[in-house]
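Here the structure is laid out as structure tokens; the discussion comes afterwards.
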Amino acid sequence: MMNETAQNAVLKSLEEPPEDIIFVFITSDKEKLLPTIQSRCWQINFAPLSNNSVAEILIKYFSIEEVLANKVAGLSDGSPIVALELINSHFELILEKTISILRYSLAKKYHSAYKELSDFIKNNTENSIMTLSRMIKSWLNDVLKNRHSIFYYYFADYVDTLTKFNVKFRAADINRIFYCLDNLERLQIKNANLNVIILNLIFEIASLSIRK
């Protein structure tokens, strides 16, 4: 969360640290830290919390209803903060919007897909592209589970959609789309033009529907 000026101020302390002092920096996005800070730190990556742990935190500390907590936990990437963001952004509506954007994109109804995506971003937080990308990845995970007859789904209310997709587009290269979504998220972090990101997202989803 530190701006560049604040980071440069911290850097001076890291270059000449006081005796018997250990600095601990916690971030969910180390790319926002200056390379000079990263190079002076011992980096430790923590595994995400389990879905059960996230749900327990939501129920115990935030009084979230159990059914909703369990639903959101599966889409939180192991982060209670992400789970709360989804809840505060009207989780059920996000699910519906994700399915709508996927359907329009796969049907190559680009104008409708663009309108849905633009409305979603306009009416949500600045992290809405990240949220949507996360939801699409979860849907793609469900597609793969459906292919291999694994029946625990994040999008449990949309099993018919998953099955129909696999019947029509079983040869779709899901792993390539994961890679493309990661690249679009990096563009978002670098504050690339939002329209470029939106259009790329739609076209990448549409490419899944190309029959081979």
Side-chain angles (χ1 to χ4, degrees), residues 29 68 71-77 79 82-83 85-212:
D29 189 357
L68 178 58
K71 273 188 176 182
V72 175
L75 294 161
S76 69
D77 288 339
S79 168
V82 169
E85 286 177 354
L86 288 171
I87 291 170
N88 292 332
S89 300
H90 306 292
F91 174 66
E92 296 293 345
L93 179 61
I94 292 175
L95 282 179
E96 292 175 10
K97 279 288 186 182
T98 301
I99 293 296
S100 181
I101 291 165
L102 284 164
R103 282 176 174 158
Y104 282 133
S105 299
L106 290 169
K108 297 182 174 58
K109 296 181 178 179
Y110 300 123
H111 177 74
S112 297
Y114 182 85
K115 185 177 184 307
E116 283 284 283
L117 231 166
S118 298
D119 288 346
F120 176 79
I121 291 170
K122 182 173 66 178
N123 295 322
N124 288 277
T125 67
E126 61 181 12
N127 293 321
S128 52
I129 281 284
M130 293 292 196
T131 299
L132 186 61
S133 179
R134 187 183 300 114
M135 299 294 282
I136 292 171
K137 286 179 179 177
S138 297
W139 184 83
L140 293 172
N141 270 320
D142 281 355
V143 167
L144 293 174
K145 290 176 186 175
N146 184 267
R147 284 184 183 179
H148 298 288
S149 300
I150 299 171
F151 298 114
Y152 172 77
Y153 299 122
Y154 299 123
F155 284 78
D157 296 332
Y158 298 92
V159 176
D160 286 348
T161 303
L162 299 168
T163 303
K164 287 176 182 177
F165 176 87
N166 275 328
V167 169
K168 291 181 70 174
F169 309 115
R170 192 164 188 85
D173 188 351
I174 303 297
N175 290 326
R176 186 188 68 80
I177 302 300
F178 274 113
Y179 175 78
C180 292
L181 289 171
D182 286 341
N183 281 339
L184 290 176
E185 288 178 12
R186 283 191 282 271
L187 286 175
Q188 169 73 359
I189 291 170
K190 294 178 180 177
N191 295 316
N193 183 282
L194 194 56
N195 280 326
V196 171
I197 295 174
I198 290 173
L199 290 171
N200 271 278
L201 180 58
I202 292 169
F203 292 142
E204 290 297 345
I205 295 170
S207 73
L208 286 168
S209 65
I210 298 173
R211 298 175 187 269
K212 296 183 179 180

Using the test side-chain contact (heavy atoms from CB on, under 4.5 Å), find all partners of [X] that sit at least two apart in sequence or belong to another chain.
X      : value
Lys137 : Ser133, Phe178, Leu181, Asp182, Glu185
Arg170 : Arg147, Asn166
Asp142 : Lys145, Tyr153, Tyr154, Phe155, Leu162
Asn183 : Tyr179, Arg186

Taking only residues two or more places apart in sequence, or in another chain, which ones meet Ser79 in a side chain to side chain donor-acceptor pair (under 3.5 Å)? none
Could I get the full list of side chain to side chain donor-acceptor pair (under 3.5 Å) partners for Ser100, not counting sequence neighbours? Glu116
Could you tell me if the side chain of [Y] sits less than 4.5 Å from the side chain of [X], heavy atoms only?
X      : Y      : result
Asp77  : Val82  : no
Ile177 : Ser207 : yes
Arg134 : Leu75  : no
Tyr104 : Leu117 : no

For the pair Leu102 and Leu208, evaluate side-chain contact (heavy atoms from CB on, under 4.5 Å) and give the outcome as yes or no after the intermediate values. CA-CA 10 Å; Leu102 284 164; Leu208 286 168; 5.8 Å; no
Distance (rounded to the nearest 0.5 Å) between [X] [atom1] and [Y] [atom2]:
X      : Y      : atom1 : atom2 : value
Thr163 : Tyr158 : OG1   : OH    : 14.5 Å
Thr161 : Asn146 : OG1   : CG    : 10.5 Å
Ile87  : Leu68  : CD1   : CG    : 4.5 Å
Ile136 : Leu132 : CD1   : CG    : 4.0 Å
Lys168 : Leu106 : NZ    : CG    : 8.5 Å
Ile94  : His90  : CD1   : NE2   : 8.5 Å

Determine the minimum heavy-atom distance between Met135 and Thr98, stating which atoms define it. CB-OG1, 3.5 Å
So the salt bridge (Lys or Arg N to Asp or Glu O under 4.0 Å) pairs with at least one residue in residues 192-202 (sequence neighbours excluded) are none
Could you pull out all residues at least two apart from [X] that satisfy salt bridge (charged side-chain N to carboxylate O under 4.0 Å, His left out)?
X      : result
Arg103 : none
Lys115 : Asp119
Lys71  : Glu92, Asp157
Glu96  : none

Give the table of side-chain donor-acceptor pairs shorter than 3.5 Å for residues 193-203, with sequence neighbours excluded, one pair per line with atom names and distance.
{"residue": "Asn193", "atom": "OD1", "partner": "Asn195", "partner atom": "N", "Å": "2.9"}
{"residue": "Asn193", "atom": "OD1", "partner": "Val196", "partner atom": "N", "Å": "3.2"}
{"residue": "Asn195", "atom": "OD1", "partner": "Tyr114", "partner atom": "OH", "Å": "2.5"}
{"residue": "Asn200", "atom": "ND2", "partner": "Val196", "partner atom": "O", "Å": "2.8"}

I'd like to know if the side chain of Ser209 and the backbone of Ala206 have a donor-acceptor N/O pair within less than 3.5 Å. yes
For a side-chain contact (heavy atoms from CB on, under 4.5 Å) check, start with the C-alpha distance between Val159 and Phe151, then their side-chain angles and the critical distance, and finish with the verdict. CA-CA 9 Å; Val159 176; Phe151 298 114; over 6 Å; no
